[in-house]
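Worksheet: the structure to be examined is printed underneath.
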Amino acid sequence: MKVLITDDEYHVIQAIRLLVPWEELGVDKILTASSGTQALELICQEVPEIVITDIVMEDKNGIEIMDFIASRYPSTKIIAVSGYGEFEYVRAMLTKGCLDYLLKPLEPSKLIRTVRSAIQSWNRDHESKLRIHTLSAFYSASLLYKMLDPAKEETVYQQLLRENPSFSAIFSHKIIYYDTNWFPMNHSPFSGLMKGWEQRVRQLLLPDNGIMLSNPERAGETILFLYGSTERTLLSIAQESRSLFFNTPFPFHLGVSVQLPFPDQFRFAYAQAKNSFLNVYADTRPSMIATLDQPLTPSAPSDSSSALQEREDPIFSALLTGNQAEIERCAEDWIVSVLPEKNITLQPIDSAIKRFYRLLNHWIFSIKKKNPSFSWDINECPLVYADMMDEHFLFSRRLMSKAICSTLFSISARMKHNSSTDVMHQIALYMESNYSKPFIQSEYASLFYMNKDYMSRRFTSTFHVSMLTYLNQIRIRHAKELLGDFSLKIQDIAYAIGFKDEKYFAKQFKKLTGATPGDYRATLQREQKKT
């Protein structure tokens, strides 16, 4: 807490400094001014919680100082001191909000009581404002996040105004974005610093500089909604960040938007701040304040969806067989396809992690569809970015591959505890992922560590058809889909689904569908003309 003592008599300032037990009262900084002009400058620079001011000074009087404080810093508590006890002086000061009026020479006990009372009054007001601000911020946060949905933006904004009318006075804003999922939160020294930083930022935002909003749907994602003196607040936050993190090895940074109109550009400000945050390099220590005026980094390799699938299907196949060496090889090959070769930012890493989760959901669904008894929760072994950081807290491809493989190994281990019938479902899934490849029964037996004859019998017992018939059923199902593309030749379709002989393909197709590929396509063409 800061206290400013203003008097043009030096001995009065010294007396007040010596008479009051400041440290005992929680005051850690005492400022002094020998003129009204100097006092106003210090009030603007330091914003003291308590001001003790003389009434009559050569350049300005105490009433002018009080008017200035009331218009700019209404939370500040004021104590007046003077050698004049006329009623008009006392009345004027008290009507301006002065807590007390002390006459010179100062009586020590009354001075201490008055200072203590002023400090207690400020603390009560501050706690009340903090509670109101916290409650308001809680409601505002949920509504502001809903405003990110274009379909709900205007409706939610009107609701926001009803809940908190003060938002009607906000016409421009700035967004600061960060997501602790990209920070080494599993490292206790960093998490301790992060906790202290967030506490300090909440104080900097009070009472009317902004609010801290946590995403209700993504733990760790936070935005600072700045309004009012946004540049000054941003500067204070940047200074606080540097004081805590600059001399540490930790890669702390914030994404910042430009100043934009509110509410019209709120969604854009959020997107800009988030993109700024994700556009920093992951393999070098980033600047603490990131903006989009930095040059954009190279994008990830532009593999087509089909090209990526050609790298992803082998991962699933390796997962089904449980071959860890093959899982590792396929995972490393996939990472090469989804990340740029150099200058990697968080953006493609974020996209890669999201894509991998989509793949996991699809693979787990496929396994459960064949084997409903299979159980594995995607949260059992989550991908954590901190696990992809090396000893210098920088991104490592090798550690990303290790994290991905750890998740895949967890699924593979769960499948190994299944019964032999469940293994047959794994073999069936492997067929569906590799139907276009040559079918060699002995290779299947080797992949799944089984005797060939035993595997064949168990498969036939489980699915009531031989392995080859089951495979042909899969191939013909895909052939029927491809025959709907009239630009493809039937011969090319046969080769694409794994048949080396067009005549054998036609024979199997008629055996399973009752029509030749040509007749089936002709039927599709007639139906298309009808529609």
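In what follows, every heavy atom counts, from backbone to side chain, and hydrogens, waters and symmetry copies are set aside.
Atom CG of residue Leu319 and atom CD1 of residue Ile364 lie 7.0 Å apart, to the nearest 0.5 angstrom. Here the straight-line distance linking atom CD of Glu217 with atom CG of Leu148 works out to 10.0 Å at 0.5 Å rounding. Here CG of Leu42 is found 11.5 Å from CD1 of Ile5. Values are rounded to the nearest 0.5 Å. Once rounded to the nearest 0.5 Å, the distance linking CD1 of Ile289 with CG of Leu235 reads 9.5 Å. Of the inter-residue distances, the one linking Thr180 atom OG1 with Glu221 atom CD reads 9.5 Å to the nearest 0.5 angstrom. Put simply, CG on Leu399 and SG on Cys405 are 11.5 Å apart, with the number rounded to the nearest 0.5 Å.
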Walk me through it: do Glu24 and Arg116 pass the test salt bridge (charged side-chain N to carboxylate O under 4.0 Å, His left out)?
CA-CA 10 Å; Glu24 178 184 320; Arg116 178 179 282 112; 3.8 Å; yes
Using the rule given for side-chain contact (heavy atoms from CB on, under 4.5 Å), can you reason through Phe246 versus Met288, listing the C-alpha separation, both sets of side-chain angles and the distance that settles it, and then say yes or no?
CA-CA 9 Å; Phe246 185 75; Met288 287 191 182; 4.1 Å; yes
Is there a ring-ring contact (aromatic ring centres under 6.0 Å, His included) between Phe250 and Phe245 once you walk through the steps?
CA-CA 7 Å; Phe250 305 125; Phe245 295 103; 7.2 Å; no
Worked verdict on Asp390 versus Arg397 for salt bridge (charged side-chain N to carboxylate O under 4.0 Å, His left out):
CA-CA 10 Å; Asp390 62 17; Arg397 288 173 179 269; over 6 Å; no
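Aromatic ring pairs are classed by plane angle as parallel below 30°, tilted from 30° to 60° and perpendicular above 60°; the pair Tyr227 and Phe225 is tilted. Using cut-offs of 30° and 60° for the angle between ring planes, the Phe252 and Tyr178 rings count as tilted.
Taking both residues in full, the closest heavy atoms of Tyr357 and Leu383 are given as OH-N, 2.8 Å, listed atom of the first, atom of the second, then distance. Contact detail for Met66 and Cys98: the closest heavy-atom pair is CE-N, 3.2 Å. Here the closest heavy-atom approach between residue Ala70 and residue Pro74 is recorded as O-CB, 3.9 Å. In terms of heavy atoms, Met389 sits closest to Trp182 at CE-O, 3.4 Å. The two residues Asn186 and Ala386 come nearest to each other via the heavy atoms OD1-CB, 3.5 Å.
Ionic pairing of Asp149 and Arg267 is not present here: no N-O contact between side-chain nitrogen and carboxylate oxygen is shorter than 4.0 angstrom. Checked for salt-bridge contact, Lys104 and Glu9 meet the test: a charged N lies under 4.0 Å from a carboxylate O. Electrostatic pairing of Lys342 and Asp283 does not count as a salt bridge here, judged by no charged N lying under 4.0 Å from a carboxylate O. Ion pairing of Asp350 with Lys354 is present here, as a side-chain N (NZ or NE/NH1/NH2) and a carboxylate O approach within less than 4.0 Å. Checked for salt-bridge contact, Lys2 and Glu46 meet the test: a charged N lies under 4.0 Å from a carboxylate O. The pair Glu153-Lys146 does not count as a salt bridge, with every side-chain nitrogen at least 4.0 angstrom from each carboxylate oxygen.
The distance between the ring centers of Phe183 and Phe393 does not fall below 6.0 angstrom.
Counting heavy atoms of neighbouring residues, nucleotides and ligands inside a 6.0 Å radius, atom CZ of Arg398 does not exceed 12 of them.
Pairs passing the side chain to side chain donor-acceptor pair (under 3.5 Å) check and including a residue from residues 34-43, sequence neighbours excluded, read Ser34-Gln38, Thr37-Asp59.
There is no side-chain donor-acceptor pair under 3.5 Å between Glu240 and Trp197. Looking only at atom types and distance, the side chain of Gln259 has a donor-acceptor partner in the side chain of Thr230 under 3.5 Å away. Between the side chains of Gln203 and Arg200, a donor-acceptor pair is found at a separation under 3.5 Å. Residues Ser109 and Glu107 have side chains that bring a donor and an acceptor to within less than 3.5 angstrom of each other. For the residue pair Gln272 and Tyr177, no side-chain donor N or O sits within less than 3.5 Å of a side-chain acceptor on the partner. Judged purely by distance below 3.5 Å, without hydrogens or angles, the side chains of Trp122 and Thr76 never pair a donor atom with an acceptor atom.
Under the 3.5 Å distance criterion, the side-chain polar atoms of Asn279 are left unmatched by any main-chain donor or acceptor of Gln347. No donor-acceptor pair under 3.5 Å is formed between the side chain of Thr155 and the backbone N or O of Lys152. A donor-acceptor pair under 3.5 Å is formed between the side chain of Asn181 and the backbone N or O of Ala219. Remark: side-chain polar atoms of Ser241 are paired, donor with acceptor, to backbone N or O of Ile237 under 3.5 angstrom.
When the side chain to side chain contact (heavy atoms under 4.5 Å, CB included) test is applied to Leu161, the partners found at least two apart in sequence or on another chain are Tyr157, Gln158, Phe167, Ser168.
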